[in-house]
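Here the structure comes first, spelled out in structure tokens, and everything after it is commentary.
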Amino acid sequence: MYKKLENEKYLGFYQAIVPTLMIRDPEYINDILRTSFEHFPDRVFLVDEKTNPLDEHLFFIRGNKWRYLRNKMTPLFSQVKLKWMYEEIEKCVDIFDECVDELSDGKDLDMKELLARCTTDVISSCAYGIEPHCLKNPDSELRKAGRDFFDPDKINMLITILRFSIPRLLLWFKVKTVSTKINDFFLATTNKILHLRRSTGVVRKDFVQLLLELKEKGTVEIDTTEIEKDETYKESPNEKIELTDNLLAAQSFVFFLAGFETTSTTLYFTFYLLAKHPEIQERARKEVLQVKAKYGQFTFDSLKELKFLNNCIAETLRIFPSVPVLNRECMKDYTLPDGTVIEKGLNVLIPTLSLHRDPKYFPDPLEFKPDRFENPPIRGTYLPFGDGPRICIGKRFAEAVMSSLLARSLEKYRFELSPMNKCTDNLKLNPKVITSSPLHGLVLRIHKVNDSN
Ligand code: HEM
């Protein structure tokens, strides 16, 4: 549809029975996500927190509640806090390294499962302050929960479709969007951790600690020059938003859900592309070794010097954006620059994947060319983390995890695609999930860098 109407700035279509406007033009996209945000502040989802307490999180909630929570939670993801948490990321990367090391003598290793386990460990450790050790124990409860969530059965697939197209239907019928098993597991996990922290006074460097601080002091201490606060939020005396334990549980839940699959699949695709392009892999390794030689280790700050490696990640996210479309609901009539009115209530869709693969903005779109990111892309054409006030809150955290794990891997190992792979030319995506998730495993043959074989 995006390709067919090449000369149009936008086009209308139906998602099931719901009229939707797809915006193709980068300037209009920029207007909707950023400059005219007050007309499009929410996604299309609706939340029934009584039936589904874990749905009451930053990704789904709307209106003033979202503004309040986003304002309160932005400091949790500041540079200072991420630097403070970086130790936890490093611990998991150490274990990942141990697992790869055992197989680094030219044996074949399926990276898909290993990366999913590693990111589950990182996110659980940083979101919940618990170490599930999925890397060593593939059957841990958290890994199972992640697997269940991202390998949905037919009913859950239908719920996802309804969530996007007719969310009101889910509300009318009080549909449980998260299975009772997953719901109970995550609520109990957070409650147990909150209870333990309160009763023992144990302090750990993770999001739960920051959420507790937020609840107890009403704020998290930060260097206020560092973050952009949303000044449009005004606390209304009639609307008191209480940070209940359930609300905290829902936020930890979204960090886990939004964080582990996106980070793990982006790492999968980056390993795949680097293995497919050995000359690019070598260039990235050269840079990694230079930075290691300069700093002696990969610190949070030194990761920023890995310009080429970070361009490789950006290019991977261009070809395989984890979230292939963004959506917004129009909350106040809006007039486009050409005079067309978008009426209140209309669903608006931004086709991230199609924009990323449009040769008008990215020539030879399917070619892996990290150097394209030497110059910033045109605003509104590159949206792997979204844009505007609802941009991904975990962007910097995800970037730190990905560059740390890749830098450590490139420093020690060379990767090549194993002939055991089912398909290496055109990766197949899993049609059952809404994120860009690979269908098959990724078998890599791994050699130590100083090993000549
Ligand atoms: C490669 C990794 C990731 C990618 C590609 C990604 C992508 C995205 C995208 C596209 C959005 C929607 C933005 C929009 O609508 O404009 C989003 C929102 C969000 N992401 Fe991420 N994400 C990643 C990692 C993470 C991590 C690690 C966390 C948490 C620790 C996280 C938490 C969230 C949350 C809470 C939102 C909703 C923000 C709001 O509405 O205020 N994400 N992400």
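Order of listing sets the numbers, starting from 1, for every ligand and every atom in it. Heavy atoms only: backbone and side chains are in, while hydrogens, waters and symmetry mates are out.
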inquiry  = Around atom NZ of K91, are there more than 12 heavy atoms from other residues, nucleotides or ligands closer than 6.0 Å?
reply    = yes

message = Counting the benzene-type ring for Trp, do F255 and F397 have ring centres under 6.0 Å apart?
response = no

note = atom 24 (C) of ligand 1 has as its nearest protein heavy atom T262 OG1, 3.4 Å

query = Heavy-atom contacts under 4.0 Å between L33 and ligand 1: side chain, backbone, both, or neither?
reply = neither

request  = Report the nearest protein non-hydrogen atom to atom 16 (O) of ligand 1: residue, atom name, distance rounded to 0.1 Å.
outcome  = R328 NH2, 2.8 Å

inquiry  = Please determine whether any non-hydrogen atom of W66 lies less than 4.0 Å from an atom of ligand 1.
reply    = yes

ask   = At the 4.0 Å heavy-atom cut-off, does M73 count as touching ligand 1?
value = no

query = Nearest protein heavy-atom contact for atom 12 (C) of ligand 1: which residue, which atom, what distance?
reply = R43 NH2, 3.5 Å

ask   = Is it true that D245 and R198 have a side-chain N and a carboxylate O under 4.0 angstrom from each other?
value = yes

ask   = T177 and N52: side-chain donor and acceptor closer than 3.5 Å?
value = yes

key: Ligand-side contact atoms (ligand 1) for residue partner S322, heavy atom cut-off under 4.0 Å   = 5 (C)

key: Donor-acceptor side-chain pairing of Y10 and T340 below 3.5 angstrom   = yes

